[in-house]
Amino acid sequence: SRLLSASPGSGRLAGKVAIITGAASGIGKATAAEFVKNGAKVIIADLQDDLGHAVAAELGGPDMAFYARCDVTNEAQVAAAVDLAVARHGHLDVMFNNAGIIGGTYMGGPIESMDMADFDRVMAVNLRGVATGIKHAARAMVPRSQGCILCTASTAGVLGGSAPHAYSVSKTAVVGMVRSAAAELAARGVRVNAISPYGIATSMGTRAVREMLGLPLVGAGAGDEEAVRRVFEEDFNEMGGGVVLRAEDVARAAVFLASDDARYITGHNLMVDGGFSVG
Ligand code: NAD
């Protein structure tokens with residue numbers, strides 16, 4: 001495949017070992033591809049086994065990309081993914097805490113009817129999952145005084161009202177967790193940064209837009225697909241001057257932050273949003 005044409009040992013991430021959570025799909029999958037292309041070895045951590053195995057195979061198989069089932073709400077599984085990376089490759093250089101869920105329904109209805117079980121679920125994946133990833137990555141990275149931890153936040157974490165409350169606040173908290181962990185880990189050689197994308201037509205993004213448009217989540221016709229496509233390609237591209245944001249744009253930002261070019265950048269929240277959050 002095109003990806004295999006990059007010779008191992010060359011590239012901006014040559015020699016680096018990375019774990020990417022939520023890498024069976026969307027932004028995580030695109031980042032896994034971009035990391036492998038740039039010379040990294042990647043552990044694809046997710047709970048969608050079939051998709052995860054398929055992504056690993058597509059990226060060149062076990063030496064380049066290895067699938068490990070890892071539910072980020074389960075600390076033992078996160079710890080095991082870190083241990084697996086170290087056992088397979090000797091060290092861990094990059095931990096990308098990217099897995100996330102939007103939860104409930106698009107806006108979740110009025111706050112008076114907020115579903116607190118859904119709130120807990122979203123926080124467990126989006127915030128506690130990230131904190132758990134930071135904890136176990138630090139365990140592997142601090143003894144070597146090097147490493148890079150990345151966490152996917154969102155424009156929804158800096159703007160009110162653009163997603164359900166639980167989702168937005170979980171992402172605000174991810175940025176807070178990144179700043180807090182970065183402050184501790186700066187002097188211990190480990191960088192911690194967030195990346196905040198705007199709307200992308202991944203499975204989560206598409207689901208959110210379907211709900212926003214009042215479309216059913218399953219069994220939709222082609223006309224509905226067209227309406228969803230229009231939102232991403234014609235409404236959302238107001239940002240970025242007509243450019244449609246792709247998962248690959250986030251992946252390339254992650255390559256930069258994970259590379260030695262970003263060696264002095266920590267505690268930052270890199271907006272990949274075409275100006276949405278400053279508008
Ligand atoms: P996606 O649904 O395509 O991918 C999310 C992946 O995370 C899936 O493969 C899913 O199986 C995995 N996942 C969910 N819960 C998990 C768990 N408990 N343990 C392990 N893996 C789990 O969506 P995406 O858009 O690629 O989302 C990736 C990240 O980007 C999320 O954190 C999301 O909040 C964030 N984000 C997305 C957008 C967007 O518009 N798509 C915008 C801003 C931020």
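What you see below is based on every heavy atom in this structure, not just the backbone, and it leaves out hydrogens, waters and symmetry mates. Numbering of ligands and ligand atoms starts at 1, following listing order.
When the options Asp50, Asp49, Asp46 are evaluated for a side-chain hydrogen bond (donor to acceptor under 3.5 Å, both in side chains) with Tyr67, the one that passes is Asp49. Each of Thr21, Asn97, Thr31, Asn98 was scored for a side-chain hydrogen bond (donor to acceptor under 3.5 Å, both in side chains) with Thr152, with one residue passing: Asn98.
Using a 3.5 Å distance cut-off with no hydrogens or angles, the side chains of His136 and Glu75 do pair a donor with an acceptor.
Atoms of ligand 1 lying under 4.0 Å from at least one heavy atom of Gly199, given by number and element, are 40 (O). Near Ile101, meaning under 4.0 Å from one of its heavy atoms, ligand 1 places the atoms 14 (C), 15 (N).
One N or O on the side chain of Asn193 and one on the backbone of His268 form a donor-acceptor pair closer than 3.5 Å.
Among protein heavy atoms, atom 38 (C) of ligand 1 sits closest to Tyr198 O, 4.1 Å. Of the protein's non-hydrogen atoms, Cys70 O, 3.1 Å is the one closest to atom 20 (C) of ligand 1.
Between Pro197 and ligand 1, a contact under 3.5 Å exists for no N or O pair. Checked by distance only, ligand 1 and Thr73 stay at 3.5 Å or farther apart across all their nitrogen or oxygen atoms. Ligand 1 has an N or O atom lying under 3.5 Å from an N or O atom of Ile200, backbone or side chain. For ligand 1, one of its N or O atoms has an N or O atom of Ser25 under 3.5 Å away.
Under a 4.0 Å N-O distance rule, the pair Glu225/Arg210 qualifies as a salt bridge. Note on Arg252 versus Glu248: no salt bridge recorded, every NZ/NE/NH1/NH2 to OD/OE distance being 4.0 Å or above.
Within the structure, ligand 1 has Asp71 among the residues with a heavy atom less than 4.0 angstrom away. Residue contacts with ligand 1 include Ser203, since one or more of its heavy atoms lies under 4.0 Å from the ligand. The shortest separation from a heavy atom of Arg207 to ligand 1 is not under 4.0 Å, leaving the residue out of contact.
Contact annotation for Asn126 and ligand 1: no heavy atom of the residue comes within less than 4.0 Å of the ligand. The backbone of Ala153, and not its side chain, has at least one atom closer than 4.0 Å to an atom of ligand 1 (non-hydrogen atoms only; backbone = N, CA, C, O).
Under the 4.5 Å side-chain heavy-atom criterion for grouping Ile, Leu, Val, Met, Phe, Trp and Tyr, Val55 is connected to Ile200 within one hydrophobic cluster.
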